Every structure is written in structure tokens, then in C-alpha cells.
*Asks:* 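One structure, pasted below without further comment.
Throughout, protein chains are lettered first and strands after them, A, B, ... in sequence-line order, and every chain is numbered starting at 1. Model, not experiment: these values are computed from the prediction.
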2 protein chains.
Amino acid sequence: MSTETQARRGTAAGPARRRILDTAAALFYAEGIHTIGVDRIIAEAGVAKATFYNHFPAKDELVHAYLCEQYAFQRGVVDRLREASVSSGNTAREALLAIYDHMIDYGNSPAFRGCPFINAAAEYPDPAHPVRAAVAAHRAWFRALMTELLTAADDPTPERTADILIMVRDSLAVGCDLDDPAALRTTTRDLLSRVLAGPRTDA
Amino acid sequence: MSTETQARRGTAAGPARRRILDTAAALFYAEGIHTIGVDRIIAEAGVAKATFYNHFPAKDELVHAYLCEQYAFQRGVVDRLREASVSSGNTAREALLAIYDHMIDYGNSPAFRGCPFINAAAEYPDPAHPVRAAVAAHRAWFRALMTELLTAADDPTPERTADILIMVRDSLAVGCDLDDPAALRTTTRDLLSRVLAGPRTDA
DNA sequence: CAGAGACTAGACAGATCTGTCTGGTAACGT
DNA sequence: ACGTTACCAGACAGATCTGTCTAGTCTCTG
């Protein structure tokens, strides 16, 4: 099969599959995974049921694809932020803070409803479920990213501080959904200022 | 109706209602709320369906009761911890750290599956739903508790630091479920040491 | 003893969910 | 022109979910 055909209506990138994934992502994120039925996704995506089950043999496959796309999306955002930071001549510490500023902005957007991975994990408690593996992959990526930036920023204990920054990320996602996200802007910056220079020696 | 009768099999404290609440709490927490059907609660509690719907007119009422009990339970635990701390002559700061140590222990228990309130909120995104109100009440209590202890511990900015400690709590709950809870013991203590003496002036 | 109230057992209705299957349309490549 | 393939429309099966209802038991109270 020619690549030209694939680009137009190939199995891997057909417009139906895209529509399914986009509507599923919006619905899963906004209303939860278990509450959204396949019928609703089909109706809102304007897709036949057979087409849906042709692209995704089971609902779980769609859920997994949804998380994989979220993962890729976040990596893309971070990559662009880092490039912008590098081309501006920023330090690694400034690049790291830019990532958190972006997360705070995102948490303040009206559609924000928490971290898709944390929310999915709450709905899939079984550690052996593929959803949990997707969540773990995303977390491993973020941990490595933090460690790398902290090392470049000459943090005295990059792995340790990275673990702390993951905690900051998680609490930011939870708090922006459950508390006042505007207040968390100040709180998070304060927290980062207390965290980013290493453990205290004067306490 | 005499209180004696109530104690034995009264409407407010019948053993059937207790069994329903206990099994529902265990199942909701371990496997999620939407995934647990009323039939399963009824079967595992050994209760007739009519009895269930007599005590809880709808499943949502049971969910709400489940969260209210969790709230009461946590308040009880904290109250006992504070009393123990006071009778040991501990400072407010030590009492606060004891609460976090207890949360870390809890997060390291094998049955730990995250914070029941955060998990419930993930399953009930609608801000107008009673579940969200129960979550907000619990968070308001915890914020007030932190502020009180920090004020007693002479923290220079108790409200601000309290907001940060809520973030620490949330990330602890998420992380103990999704990451290695044993590692979070060290990480959290490190984080608290960086946080608890106020914002840095040397950075 | 008689009545009230909590409880059990389980059928039942109606909706919804996942997944399958049939049948038809339209665009493409050979 | 023909076959392939992606797609649409919708019926259907089987399970499961919430909630209602009937009928009967048991225990305590008056």
C-alpha cells in the first residue's frame, strides 16, 4: 500500500479514528472514563459502531490509546518549552520554572479537571491493568525530565529534589481541580522557592 | 421509642446499616465507586435489597455517607494524635510532624489506595454534586487544622504554609498509590524540612 | 396476644452497557 | 470494470445496573 493512500485514508490515520480519539479524550477527561459509554462516543464522533470496534477491539484499547496520546502531547509541550528556553538563553533552572509556570497556567484554564493519569488511576485500581502501566510510564518520563534539569541546574541532590518536584506536580494537578487554582499560582511559586535550593542547613 | 431499643436495633444504628456502610466503604475504596454495583454490596453485606433501599434511598446517598464517615474517621485519628502529642509535652511543630508521619505510615500500608476524597472527586467531576461538597468540607477542615498548628508553632506565614502543607498531603496520597511508598517516607521528610521554616531569604 | 418495625428472599421492570452482526455506500487502485 | 477497503446505519444479544415491589419472618412492645 502506498504511503500516499495511507495519508489520505489509511488504516493508521483515517479521519474516523481521529474523530473517535478526539471525542473520547474530551469526554473521558471531562466526565470520567467509566461514566462515558461507547454509544456516547460513537454518537458524538459521528461514527458507526462497526467502525469504532474496527479501530478499537475493546473499550479498554481506546482508554489506553487516550492515555498514550496524552503522554505524547505532554512530551511535545515540554519539548517546545525547553527549546524556547534554550533559544532564549535561559538557564536550566529557568527552564524548569517555565515548565511549572506552564502547568499552573494550564491548571487555571476553565476546562482543567485534574491530571488525566491520576484521574485514570483512580478509576483503575488494579496495578496489573494496562492503564496503570501507562500511568507509570508517564511518571517515569517526568521523573527523568526533572532529574535531568536539576542536574543541569547544579542541584546538590538532583534525584531527591526530582522526587519532591513530582510531588509538587501531583499536588498542583489535584489542587487546581479541588481548590482555587488562582491561589495555587502564588502557593506553588512559594513552595518551589522553598524547595529548589536544597535541604536547609540552618534549621 | 426508648434509647435501649435504638441501641439494640433502632433505625439509626441497626446492624444492617452498619454492615452496608462497612462493606460499601471497603469496596468503594478498593475498587472505585462506579465499578461497584449495589447488587455486590448487598451480596457481600448479607442484606436484603429492600433493607438497603430502606436505609439509603439511592446509591448516591450511600456514597455521600461513605465520605462523611471517612471524614469523621480522619478527624478522630487526628484528635487522638494531637491528644497523645499534648500529653507527651510535644510542641505544635512536633504534633504536626506526627500527623504527617502517621499519613506516611498509612500510605505504606498494603491496602492503601490513595485518598478516598481525591479518588471520589476523580469519579464525580461535576462541581455541583454533593460528593464535591463533601470533598470540599474535608479539605476546609484540614486547611484549618494546618493553619492552627502552624500558628501555634510560630510559623511566620501560617496560612501560606498551610496551603503548602495541603499540597504535601495531596501529593503524599497520590504518590503512595502510584509510586514506591517506602521511598516517599524519606522524600516527604526532606520536603517538610525544606518547607517548615518559611520562605528562604538566602536564595 | 396483637401490632409495629426491621429484616430476608427474590422476582421484576426499565434503562444502559459492551460487543457482534448484517447490509449498504462510496472512494480508491488495478 | 472490478475488487478492496473504509465507512455508515442500525438491529440484536447478553450482561449488568438501579430501583420497585411482593411476600413472609422475627423480635420487641404494649
Side-chain angles (χ1 to χ4, degrees), chain A residues 1-24 27-28 30-66 120 123-124 126 129-131, chain B residues 1-24 27-28 30-66 120 123-124 126 129-131:
Chain A
M1 189 179 295
S2 70
T3 55
E4 180 191 340
T5 303
Q6 272 209 354
R8 239 175 300 159
R9 53 177 192 80
T11 63
R17 184 188 167 94
R18 254 279 52 86
R19 250 154 42 218
I20 294 169
L21 262 171
D22 288 344
T23 46
L27 291 173
F28 284 162
E31 304 189 30
I33 298 175
H34 286 319
T35 55
I36 296 296
V38 168
D39 281 342
R40 178 125 175 251
I41 297 171
I42 283 165
E44 296 203 13
V47 150
K49 207 161 198 177
T51 304
F52 176 89
Y53 279 101
N54 185 38
H55 284 293
F56 304 98
K59 187 191 174 186
D60 266 18
E61 307 264 343
L62 174 63
V63 174
H64 191 259
Y66 154 62
E123 292 201 66
Y124 290 85
D126 180 8
H129 196 282
V131 162
Chain B
M1 189 180 293
S2 70
T3 55
E4 180 191 340
T5 302
Q6 273 210 351
R8 238 174 301 157
R9 53 176 194 84
T11 63
R17 184 187 167 95
R18 256 272 57 85
R19 249 155 40 219
I20 293 169
L21 262 170
D22 288 344
T23 46
L27 291 173
F28 284 162
E31 304 189 29
I33 298 174
H34 287 319
T35 55
I36 296 296
V38 168
D39 281 342
R40 176 120 176 255
I41 298 171
I42 284 167
E44 295 202 14
V47 152
K49 207 161 198 178
T51 304
F52 175 89
Y53 279 100
N54 185 38
H55 284 293
F56 304 98
K59 187 190 173 187
D60 266 18
E61 307 265 344
L62 175 62
V63 174
H64 191 257
Y66 154 62
E123 292 201 65
Y124 290 83
D126 180 9
H129 196 281
V131 161

*Asks:* Using only side-chain N and O atoms of H55(A), determine if any of them is under 4.0 Å from OP1 or OP2 of dA6(D).
*Replies:*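 Checking H55(A) against dA6(D): no side-chain N or O falls below 4.0 Å of OP1 or OP2.
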*Asks:* Quick one: does any side-chain atom of E123(B) pair with a main-chain N or O of G32(B) as donor and acceptor, under 3.5 Å?
*Replies:*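 A pair under 3.5 Å: no.
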*Asks:* Nearest-Å distance, CD1 (I42(B)) to P (dA11(C))?
*Replies:*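 Going from I42(B) (CD1) to dA11(C) (P), I get 14 Å.
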*Asks:* Please state how far atom CZ in R17(B) lies from atom P in dC7(C), giving the value in whole angstrom units.
*Replies:*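 Going from CZ in R17(B) over to P in dC7(C) covers 10 Å.
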*Asks:* Counting only side-chain N and O atoms of R19(A), is one of them less than 4.0 Å from OP1 or OP2 of dC8(D)?
*Replies:*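 Affirmative; the distance criterion is met.
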*Asks:* What is the minimum heavy-atom distance between H34(B) and T35(A), and which atoms define it?
*Replies:*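 Residues H34(B) and T35(A), closest heavy atoms: NE2-CG2, 3.3 Å.
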*Asks:* Do side-chain atoms of T51(B) reach the backbone of V47(B) as a donor and acceptor pair under 3.5 angstrom?
*Replies:*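 No, the answer is negative, given that no donor and acceptor are paired below the 3.5 Å cut-off.
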*Asks:* Please enumerate all residues that pass ring pair (Phe, Tyr, Trp, His ring centres under 6.0 Å) together with H129(A), with sequence neighbours excluded.
*Replies:*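 By the ring pair (Phe, Tyr, Trp, His ring centres under 6.0 Å) rule, H129(A) matches Y124(A).
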*Asks:* What does the B/S/- profile of nucleotides 12-26 of chain C look like, 5' to 3', with a 4.0 Å heavy-atom cutoff to protein?
*Replies:* ------BBBB-----
*Asks:* Going by side chain to side chain contact (heavy atoms under 4.5 Å, CB included), name the residues that satisfy it together with E61(A), two or more places apart in sequence or in a different chain.
*Replies:*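 Testing E61(A) for side chain to side chain contact (heavy atoms under 4.5 Å, CB included), a comparison that skips the adjacent residues, returns F56(A), P57(A), A58(A).
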*Asks:* Does a side-chain N or O from T51(B) land closer than 4.0 Å to OP1 or OP2 of dT8(C), or not?
*Replies:*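 True: T51(B) side-chain N/O within range (under 4.0 Å) of dT8(C) OP1/OP2.
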*Asks:* Closest heavy-atom contact between A16(A) and H55(A)?
*Replies:*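 Result for this residue pair: CB-NE2, 4.3 Å.
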